[in-house]
Amino acid sequence: MLEELARIGRDPATNGYVRDSWSPADLELREWFRGEATKRGLDLREDRNGNLWAWWGDPSRQPGVVTGSHLDSVRQGGAFDGPLGVVSAFAALDVLRGRGFSPRTPLGVACFTDEEGARFGVPCVGSRLMTGVLDPGKALSLTDDDGDTLSDVMARAGRDPYRIGRDEETLATVGTFVELHVEQGRGLVEQGSPVGVASAIWPHGRWRFDFRGQANHAGTTRLADRDDPMLPFARMVLAAREVAEREGVVATVGKVRITPNNANAVPGLVSAWLDARGATEAGVRALVTELARDADVVEESWTPVVDFDHSLRDRLALVVGGGGGGDTPAPVLPTGAGHDAGILATAGVPSAMLFVRNPTGVSHSPEEHAEQADCEAGVVALANVLEDLCR
Ligand SMILES: [Zn+2]
């Protein structure tokens, strides 16, 4: 299945993937999902927000156990972030059927729309709309780089954009959600285990720092006369690293906008975006407070910690760890990345995540990787978990 998907949305120049929501590549991925569901005799539904559901059993009578992930990608992303979870979901279902298992609880495979937010800048659009966290009016007016709104692109894809929003009917079908995902770090490499269970998603936020100065000629303005905002910006970047190390959090300045952005001019304005995440809100807040002391700062987003359902997490760790025949629970580890499972957990759906080892820890890049044997271990672990939850 991963091989079939490998050609869709690949940039031949870089081998990175570009799979924006509602793009031709995304529509092709949706067709692929439909085909896999049909092949297995599953009941395919697309909800009002564009999320796809393939059901084994009827969830209108009883909420089901759902597994899956997303098929869209960050721009120039890798082959595993998202697709591994969807592919493993179908493969786990095949394993269960091969065992002659038939679920007592309806079992669903989900593919959430626009998890990465590559096109419109807001991540987890499908799950946020479904759970009502994202206002539909606000979502419809989100605009991509070409000036098209979400409303435009959904209408062009033959969907009715005016039906998006909180979806009680679909939410009621999801009794439990388990998302398998390639690990975006080296935690499992360090623990020597192919599969682990998520404990929590770190609290994280994004802040815009504006440094103002005076734009001026690079040749004729004496150093003493300059008001150069690039200098406090540079100090902030260096301080972010230093304070992050001290607070035990991570901080990144990955985007900067310089005005006027001329090689021969002292800039008049430097805007920089700080992304900060950590195990505790206190650590992240301390970092931002310290960096914000001499700058004009706007908090653009804040997501509190997501602590996954403890009993579900512990149950998964035992099932996954016991898969090798022993009683040692699988490693339980936190992540700094957001996921649809986090959105559902916050909305009160008991949710959990399985991670599959990533040898380099690199993610959101064509170098993202998981070994075949580890992917297979992930499928078996997921099948065992589903069997346990659906019996
Ligand atoms: Zn993902």
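Computation of the quantities below employed the complete heavy-atom set of this structure, encompassing side-chain atoms and omitting hydrogens, waters and symmetry-equivalent molecules. Keep in mind that this is a model prediction, so the values were computed, not measured. In each ligand, atom 1 is the first atom listed, and ligand 1 is the first ligand listed.
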Query raised in the report: Is the shortest side-chain N to carboxylate O distance from Glu115 to Arg19 below 4.0 Å?
Result: no
**Report entry** Audit row: Thr170, Asp167, side-chain hydrogen bond (donor to acceptor under 3.5 Å, both in side chains) steps and yes/no
**Finding:** CA-CA 6 Å; Thr170 302; Asp167 184 350; 2.6 Å; yes
Query raised in the report: Just checking, any donor-acceptor pair under 3.5 angstrom between side chains of Trp32 and Glu4?
Result: yes
Query raised in the report: Hey, is there an N, O or S on Asp81 sitting under 2.8 Å from the Zn ion (ligand 1)?
Result: yes
Query raised in the report: Any N/O/S of His339 under 2.8 Å from the Zn ion (ligand 1)?
Result: no
Query raised in the report: Are Phe112 and Phe177 an aromatic pair by the rule of ring centers under 6.0 Å?
Result: yes
Report summary line: At the Zn ion (ligand 1), NE2 of His70 and NE2 of His181 open up to roughly (10° bins) 130°
